[in-house]
Amino acid sequence: MASKKFKSNTIMVPVPSTSIVPERDAGKLPVLETSHLGIEFGGLKAVDDVNLAVGPTEICGLIGPNGAGKTTVFNLLTKVYQPTHGTILLNGKDTAGMTTEQANRMGIARTFQNIRLFNNMTVEENVTIGLHNQIRYNMFSGIFRLPGYWMGEKKQHQKALDLLSIFDMTHLANAKAGSLPYGAQRRLEIVRALATHPSLLLLDEPAAGMNPHETEELMENIIKIRDQFQIAVLLIEHDMNLVMGICEGICVLNYGRVIAKGTPDEIQSNPAVIEAYLGKQKEAK
Amino acid sequence: MNQKHKMTITHLFTHALEICESFLRQPRIMAEKIYQKHKMTITHLFTYALVICAYFACQSMIKAEKMTLSLEGQLVPICAYIVLAVSLNLTVGISGELSLGHAGFMYVGAITGVIASMWMRYAFTEESAFFLFFENMNIDFALVRMLISLIVAGVFAGIVGFIIGIPVLRLRGDYLAIVTLAFGEIIRNIMTCLYVAVNKKTGALNFTFNNSDIPSKDFKLFIKGPTGITGNSPKIATFVIGIGLVLFTLLIVQNLINSRTGRAIKACRDNRIAAESMGLNVTKYKMIAFVTSACLAGMAGALYAANFSSVVPSKFSIDTSILILVFVVLGGLGNILGSVISATVLTLLPELLREFDDYRMLVYVVVLILTMLITNSPIVKSLIGAIKEGAKKLFARKNTENGANS
Ligand SMILES: Nc1ncnc2c1ncn2[C@@H]1O[C@H](COP(=O)(O)OP(=O)(O)OP(=O)(O)O)[C@@H](O)[C@H]1O
Ligand SMILES: [Mg+2]
């Protein structure tokens, strides 16, 4: 059964396969659907013909060896790069020609592999930036301290603390983001992304640099976030315990191409994956 | 027996202390929280208070005739420089874009401000309804002219800032600095070709790029190309208006920084890519900072020009842009109070160093370098940190006592 699926994947299915969307989301419109997605950097096909579908409440993993093009896929989805091939559908809408900012307003939020916090601002302010488009008041109420300012600030403060409490970070609200320990910075990035009210959360190696205990907590929290906010999560991760532990669907990239898709069990027993990814790791060890 | 009593008393005493302590703890935590929450507001209020105190100090010095004339003449320019430094800090410190064209916006404001005030001077005779309206309300017409010319200057400088911002804000880092520098010089060069005259009877304005185009005797030429602004009299800028503009600038800049818009500006500075992926329109926020800054610089220019009967264009050259940048850097990037202090001290310094005669500028530069070294040395930094910490504790304690009393 597993090998059959593997075969169909190596031939490359021409239409987006929803095969990895879990049953619970089966009938529903996927939050993300890419078809033949690709980008070339001066002849180098960093991402080539990627077909992905993520269900509305699915936790999905994107794995692959170093340099496989995982982060580039995220950059394509968030419009940091414009794809040279293929289309991206977000909640059924084509995102062609959009900017990063518009993609975020469409419901896609992300964290970064190399942490990108607003280091000179406090933890609370970082989250408040995430809330920027959710809780609004105009510039003039801000300058002249009109009632809109006080109401807006109060709401933002409350919401920011609510969001920070997911990761038990309320006591850090007034600390400078740049002075937090590494793990806390990663968690803050997730909170900040959540604040933008996304329907799809992209996490780029969220457990990198975390100790096993923190990783364990993170896994619980990702599931908690999914359940509480009813959103989809697509994550890149090298920690196989995390990926196999919480992902319902996994997509494996190698040299920019999808070499396998399926449930964790299917992926673990997939010979192509073992060869390209796990095999390589064994060699390294 | 006695011993036992003593024991009980000490026991009771420690208990009482503990209870007091626990009562005090809550207000103390509250005070800490209040301080943390309103840290910004406290700094803001302190800045306003400092400016107002300085104003009253100067006024009493003038009354007591303790202030030299040359120093008194510096009061309005100092106000203008404070406004310039604070507004440039918005671009350089808060928005993180190195701009070297600030004097250009100052010049735009100076020219448009002078034009507006000269026009009003001749267009509204003492019988005109507009003039009488203020006369009846007991408001000095010179004040009205000054305020309106400030507004006109702000609007025009803001428009020029917007037009320049469109191409400039697409650039990053060094390129932005170079292009703003060039734009500042272009503005100045265009302005040095401009001749403006006003009809003494009707107030009609005549703009030309050719001196010989100015018609009959009825016209008074007050912007004379390369000679700059001339015959701008009587002076309508006063120290009170200067301080008013400083307070207005502080209100705009400090409140802007500490609001939703200001946070967005800071986020775009700290990390452009992250700001974009949080759904912020980076160009929009860079533009808001740039235009607000240009607008305030224009107002400062109008104030500056209104303080002198003539101003040469070289007053608005790259040297001035760099001088303002020096104020900002020495006061600390993003530190508004610092800009206020450094603009004041550094404008006064050459005045105070008069006794060094020929070596004045040399001493000035040495002082600059020393300040830079001292403010950057880790020892001084840690000392300032310790003082801040101490002040915070003191503040928290004071509040606790107040809380306990009430
Ligand atoms: N802007 C760019 N210009 C040229 N090449 C690029 C660019 N961005 C990425 N690449 C190339 O694309 C390939 C994929 O890079 P990417 O960062 O997506 O890998 P990754 O799967 O995230 O790896 P890692 O696990 O190390 O994070 C790499 O070979 C990289 O050099
Ligand atoms: Mg990567």
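All figures in this text were calculated on a predicted structure; none of them were measured in a lab. In what follows, chains are A, B, ... by sequence order, proteins preceding strands, each numbered from 1.
No other option in B/Asn281, B/Asn258, B/Val253 has as many heavy-atom pairs under 4.5 Å with chain A as B/Asn281. For the set A/Arg110, A/Met106, A/Glu153, A/His157, the entry with the most heavy-atom pairs within less than 4.5 Å of chain B is A/Glu153. Chain A forms more heavy-atom pairs under 4.5 Å with one residue of B/Gly279, B/Ala274, B/Ser259 than with any other, namely B/Gly279. The most heavy-atom pairs under 4.5 Å with chain B, out of A/Lys79, A/Glu125, A/Met121, A/Arg105, come from A/Met121.
Listed by sequence position, the residues of residues 152-170 of chain B in contact with chain A number zero, using a 4.5 angstrom heavy-atom cutoff. Of residues 285-294 of chain B, those residues with a non-hydrogen atom less than 4.5 Å from any non-hydrogen atom of chain A are, in numerical order, B/Tyr285, B/Ile288, B/Thr292.
In this structure, A/Arg186 contributes its side chain and A/Gln113 its backbone to a donor-acceptor pair below 3.5 Å. At least one donor-acceptor pair closer than 3.5 Å links the side chain of B/Thr47 to the backbone N or O of B/Thr43. Here the side chain of A/Thr84 pairs a donor or acceptor atom with the backbone of A/Glu40 at under 3.5 angstrom. A side-chain donor-acceptor contact under 3.5 Å links A/Tyr137 to the backbone of B/Arg260. Not a single donor-acceptor pair under 3.5 Å links the side chain of A/Glu124 to the backbone N or O of A/Asn174.
The 12-atom threshold is not exceeded at CG of B/Asp174, counting heavy atoms of other residues, nucleotides or ligands nearer than 6.0 Å. Within a 6.0 Å radius of NE2 in A/His85, other residues, nucleotides and ligands contribute more than 12 heavy atoms. A 6.0 Å sphere centred on NZ of A/Lys154 holds no more than 12 heavy atoms belonging to other residues, nucleotides or ligands. More than 12 heavy atoms of other residues, nucleotides or ligands shown are found within 6.0 angstrom of OH on B/Tyr48. When the shell of 6.0 Å around CG of A/Leu44 is examined, it contains more than 12 heavy atoms from other residues, nucleotides or ligands.
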Using the ring pair (Phe, Tyr, Trp, His ring centres under 6.0 Å) rule, take A/Phe74 and A/Phe112 through it: C-alpha gap first, then chi angles, then the decisive distance, then the call. CA-CA 9 Å; A/Phe74 272 21; A/Phe112 297 87; 9.6 Å; no
Under the salt bridge (Lys or Arg N to Asp or Glu O under 4.0 Å) rule, what do A/Arg187 and A/Glu214 come out as? Steps first, then yes or no, please. CA-CA 10 Å; A/Arg187 288 189 284 269; A/Glu214 284 180 311; 3.6 Å; yes
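Of the two parts of A/Ile135, only the backbone, made up of N, CA, C and O, holds a non-hydrogen atom closer than 4.5 Å to a non-hydrogen atom of chain B. Contacts between A/Gln156 and chain B at a heavy-atom distance below 4.5 Å involve the side chain alone, from C-beta outward. In this structure, chain B has a heavy atom under 4.5 Å from the side chain of A/Thr196, while its backbone stays farther away.
Geometrically, A/Arg192 engages A/Phe118 in a cation-pi contact defined by less than 6.0 Å to the ring centre and at most 45° from the axis.
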